[in-house]
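Since we're looking at a predicted model, the values are computed, not measured. By convention in this document, chain letters (A, B, ...) are assigned in the order of the sequence lines, proteins followed by strands, and residues within each chain are numbered from 1.
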Protein chains: 2
Amino acid sequence: MTVSRVLRNRGDVSQATRERVLAASKRLGYVPNKIAGALASQRVNLVAVIIPSMSNMVFPEVMTGISEVLEESPLQPVVGITHYRPEREERVLYEMLSWRPSGVIIAGLEHSDASRAMLENAGIPIVEIMDTDGTPVDSVVGISHRRAGKEMANAIAAAGYKRIAFLGTKMPLDHRARKRFEGFTGALAKAGIEMADHEFYSGGSALLKGREMTETVLKRTPDIDFLYYSNDMIAAGGLLYCLDNGIAVPGQVGLAGFNGIELLDGMNPKLATMDACRREIGRKAAEIIARCTEAGLDHADERIELTPRLSIGDTLQRG
Amino acid sequence: MTVSRVLRNRGDVSQATRERVLAASKRLGYVPNKIAGALASQRVNLVAVIIPSMSNMVFPEVMTGISEVLEESPLQPVVGITHYRPEREERVLYEMLSWRPSGVIIAGLEHSDASRAMLENAGIPIVEIMDTDGTPVDSVVGISHRRAGKEMANAIAAAGYKRIAFLGTKMPLDHRARKRFEGFTGALAKAGIEMADHEFYSGGSALLKGREMTETVLKRTPDIDFLYYSNDMIAAGGLLYCLDNGIAVPGQVGLAGFNGIELLDGMNPKLATMDACRREIGRKAAEIIARCTEAGLDHADERIELTPRLSIGDTLQRG
DNA sequence: CTGAAAGCGCTAACAG
DNA sequence: CTGTTAGCGCTTTCAG
């Protein structure tokens, strides 16, 4: 009826009626039922955002980017967490799709067959984010982690380091860390350098793990001259360990992390890292969905590869 | 029809039919439409979670707690971000309520009149979290920030510090930081100590801001012997500043933060802080909603006040 | 155990 | 400009 029209600012309604309706709806504390609305109109202003985790600093920033652009549109993000587990991704995706969202933003290019099938058949724009090394269902925005690993390796080799260790997460399910590792070792090999040591962890406080792993590696392989970490948080832990134990940085060992988290800005010396463009990725992904929704398109087929900036900081240069 | 019954495991269906339906639904990649389902059944397995921010380490952990318990139930969290702005809270709440969720978990006790009215009339369980200093709409789970400030002040005074400064966020909209500040100054006053200096910031990298504010305060009031920060991140920045500048901690100045973030575990010396029970708050809040939903109740009227634990660390004791 | 029928609260299209 | 009508795709109830 008319009420619906005024509440949605659609169609022609006289000023008088509009005011009467608005007043009544306010007085009664009326909140429209979007469920019914969505069912009738076949339109839902929700964007499904599916990410592995919320607790490691990287995805909250992606979310910030997404929110920033969606706030300018009628769309709303709804997030689901997979804990890096494909079976959870499948379930979360299924749940989300059953609400018929306007689009999906999902981390990574690796999905189970069932997930992939759902994405392909959803009939809405899909943006896979973070990673560009692979084949997307529809659109993709991210960086090449293989290239990121490679470039870091080249920078380290160019600085003259020779005895290099890798410290990171156990990677069976973190494909992006794995790709960085692969790119890294590959480039080192090309430079004629073999990795001198490596250490992996899972779970626990990253800062603390960084300390522990660093200690382990430096005790096991004392002639190490560079430590490359799979993320900034463990790198920061490693840096603190070195400082506490009188290990000269970067004189005796150099360090580098990955992500470019804000946390590092306040540290001294400043850690070398590579910016993962997290917020920008979120923004671009949201923009694709917003554009499709506005235009009524069910896919965009865009491919945006961002370039991570290497930040030398104070820890990637011979003292 | 029958299909609906098997997909929901309800009612009696013969094994044969069940299998036939399951096979067909899988083959066709059928994803049920929850919108229609929700409209028909008047039941929605969504829990609205409304928080101010996702980027400061505290709310992600609350979310972790919420997710942990909701994962064991049919309920799903849907989060909305307010950026500490009441008008955004209002809008987000309105949007969320229009999806008729099974419950609301919302940060803080301070809401606009309109928001409060919506919460009161929603007819679903509401849990206000983080803070217990005030009057909840329905249930509340959190800590008393006023008391947290007070207890920290007492611990500092008991340790013999006399020239105390407060460093924190600008607080017009962060009611919890404000309450801690009030409790803190109140208790100091009772101990006959007047605050020696204070400094506020807004925005930017917390770690970096912590450094800057610490420098400002120590230069302006050189005889300061204790720095109390409104959160751990700026406290960590302050600690790093002291270490870099040869200021003995806790010999020359003591430091304390607030939140008990995991980040501190890896630092050395270990910062004094007070655990805000973030994950536990999330868990308890989710449990209340889950319980109500299961029992079909539309409110719980529970009040859970957690006790923050003071962690002395290495920075709250005369050297 | 299975089918048929009546809505859920809205939107969209059409008449007045 | 405003009222009426027919669904949206399910769940629920009631008969077979």
Apply side-chain contact (heavy atoms from CB on, under 4.5 Å) to [X] and list each qualifying residue two or more places apart in sequence or on a separate chain.
X	answer
Ala276(B)	Ile143(B), Phe258(B), Asn259(B), Arg278(B)
Arg178(B)	Met171(B), His175(B), Glu182(B)
Ser53(B)	Ser55(B), Asn56(B), Tyr84(B)

Might you list the N or O atoms of the protein lying below 3.5 Å from N or O atoms in nucleotides 6-9 of chain C, with each pair's distance?
from, atom 1, to, atom 2, distance (Å)
dC8(C), O3', Gln42(B), NE2, 3.2
dC8(C), O2, Leu39(B), O, 3.4
dC8(C), O2, Ala40(B), N, 3.1
dG9(C), N2, Ala36(A), O, 3.2

Please enumerate all residues that pass side-chain hydrogen bond (donor to acceptor under 3.5 Å, both in side chains) together with Ser73(B), with sequence neighbours excluded. none
Please identify each residue that fulfils side-chain hydrogen bond (donor to acceptor under 3.5 Å, both in side chains) with Arg291(A), with sequence neighbours left out. Glu302(A)
If you look only at pairs with a residue in residues 80-90 of chain A, which of them pass as a salt bridge (Lys or Arg N to Asp or Glu O under 4.0 Å), with sequence neighbours excluded?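 Of all non-adjacent pairs touching residues 80-90 of chain A, those that pass salt bridge (Lys or Arg N to Asp or Glu O under 4.0 Å) are Arg85(A)-Glu87(A), Arg88(A)-Glu71(B).
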Does anything in residues 93-117 of chain B form a salt bridge (Lys or Arg N to Asp or Glu O under 4.0 Å)? List the pairs, not counting sequence neighbours. Lys34(A)-Glu95(B), Glu110(B)-Lys179(B), Arg116(B)-Glu120(B)
Compute whether any side-chain donor of one residue and acceptor of the other, for Ser115(A) and Ser112(A), lie under 3.5 angstrom apart.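 Per modelled atom types, Ser115(A) and Ser112(A) side chains form a pair under 3.5 Å.
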Provide, to the nearest angstrom, the distance between the CG atom belonging to Asn45(A) and the C1' atom belonging to dT11(C). 15 Å
For the helix from dC1(C)-dG16(D) to dG16(C)-dC1(D), what angle lies between the axis at the first five pairs and the axis at the last five pairs, to 10 degrees?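 Computed angle between terminal axes is 40°.
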Hey, is the side chain of Arg43(A) poking within less than 4.0 Å of OP1 or OP2 on dC10(C), counting only N and O atoms? no
